[in-house]
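First up is the structure itself, then whatever we jot down about it.
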Amino acid sequence: MDSSALRIAVVDDNADIRETLSMVIQLLGHESAVCSTGELALECIARWQPHVALIDISLPGMSGFDVARRVCASTVGSSPMLIAMTGWGRDEDRARSREAGFHKHLLKPVDLPQLRALFDEVARGASPERVVSA
């Protein structure tokens with residue numbers, strides 16, 4: 001891994017989505033960790049301290065919204081760029097993401113060029129604002 005490689009957590013209960021995104025992340029030169037539940041995501045984020053966390057909103061048990069709220073409330077380490085991944089794209093869905101603490105709100109299937117641009121932004125050291133965008 002080169003020095004610009006990011007640590008990126010992928011949180012989704014769908015194994016195909018998790019593994020596919022993980023492979024794409026690695027092909028882009030970054031490290032990835034995958035989690036299938038919100039509880040595992042919180043453990044991974046606290047322990048591994050990723051630069052970015054891609055989080056499905058519709059997780060069983062603890063929702064992606066709950067994960068984002070807990071990450072934002074945590075005082076341990078720095079907070080990663082939180083990216084919501086969802087099939088929900090209405091204005092009220094984006095507002096819920098913003099209120100939960102997500103930086104970005106991406107619709108599934110995730111647009112890979114857009115995702116790469118977000119990774120590049122983080123790798124350049126840009127400090128993400130908590131403003132939800134497509």
Side-chain angles (χ1 to χ4, degrees):
M1 288 289 144
D2 73 40
S3 62
S4 65
L6 300 174
R7 291 183 308 278
I8 302 170
V10 178
V11 185
D12 201 302
D13 59 321
N14 182 303
D16 291 335
I17 291 172
R18 274 193 320 268
E19 297 309 318
T20 300
L21 279 173
S22 179
M23 285 189 299
V24 167
I25 288 164
Q26 291 173 21
L27 286 171
L28 292 173
H30 304 296
E31 297 178 62
S32 66
V34 295
C35 307
S36 59
T37 68
E39 292 84 0
L40 291 173
L42 290 173
E43 290 174 22
C44 174
I45 290 168
R47 179 179 27 82
W48 196 48
Q49 297 195 353
H51 299 98
V52 178
L54 300 168
I55 305 172
D56 180 23
I57 296 298
S58 301
L59 295 170
M62 180 186 295
S63 75
F65 294 126
D66 294 331
V67 172
R69 283 186 200 95
R70 299 227 352 228
V71 168
C72 292
S74 172
T75 58
V76 178
S78 61
S79 181
M81 175 187 271
L82 300 175
I83 301 174
M85 299 185 301
T86 181
W88 304 337
R90 298 174 304 171
D91 289 341
E92 49 267 30
D93 300 321
R94 293 178 191 285
R96 284 187 71 197
S97 289
R98 182 177 49 253
E99 290 164 5
F102 281 101
H103 298 93
K104 305 291 179 186
H105 182 104
L106 302 181
L107 295 179
K108 289 182 179 179
V110 175
D111 180 71
L112 294 181
Q114 182 180 22
L115 197 57
R116 184 177 194 170
L118 290 172
F119 295 163
D120 290 346
E121 178 182 322
V122 173
R124 285 191 312 271
S127 179
E129 297 178 24
R130 292 207 185 276
V131 176
V132 176
S133 62

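Atoms considered below: every heavy atom in the structure, side chains included; atoms not considered: hydrogens, waters and symmetry mates. Values in this document were obtained by computation on a predicted structure and should not be read as measured data.
- When side chains are defined from C-beta on, Ile55 does not count as touching Val71, because their heavy atoms never get closer than 4.5 Å.
- Residues Ala9 and Cys44 share a closest heavy-atom pair of CB-SG, 4.4 Å.
- Among pairs with a residue in residues 7-17, those fulfilling side-chain hydrogen bond (donor to acceptor under 3.5 Å, both in side chains) read Asp12-Lys108, at least two apart in sequence or across chains.
- Listed by chain and number, the residues in a salt bridge (Lys or Arg N to Asp or Glu O under 4.0 Å) with Arg69 are Asp66 (sequence neighbours excluded).
- Between Ser63 and Ile57 there is no side-chain heavy-atom pair separated by less than 4.5 Å.
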Enumerate, atom names and distances included, each donor-acceptor pair closer than 3.5 Å involving a side-chain atom of residues 32-39, sequence neighbours excluded.
residue	atom	partner	partner atom	Å
Ser32	OG	Ser22	OG	2.6
Ser32	OG	Gln26	NE2	3.0
Thr37	OG1	Leu40	N	3.1

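- At least one side-chain heavy atom of Ser58 sits less than 4.5 Å from a side-chain heavy atom of Trp88.
- Within the 4.5 Å cutoff, the side chain of Met81 has heavy atoms near those of the Glu121 side chain.
- Contact of the His103 side chain with the Leu118 side chain is not registered, since no non-hydrogen atoms from C-beta on lie closer than 4.5 Å.
- In this structure, the side chains of Ile45 and Arg70 stay at 4.5 Å or more apart for every pair of heavy atoms.
- Applying the ring-ring contact (aromatic ring centres under 6.0 Å, His included) criterion to Phe119, with sequence neighbours excluded, gives His30.
- A 4.5 Å side-chain heavy-atom check between Asp93 and Thr86 finds every atom pair outside the cut-off.
- Of the residues listed (Ile83, Val110, Val11, Leu82), the one engaging Leu54 in a side-chain contact (heavy atoms from CB on, under 4.5 Å) is Ile83, and it is the only one.
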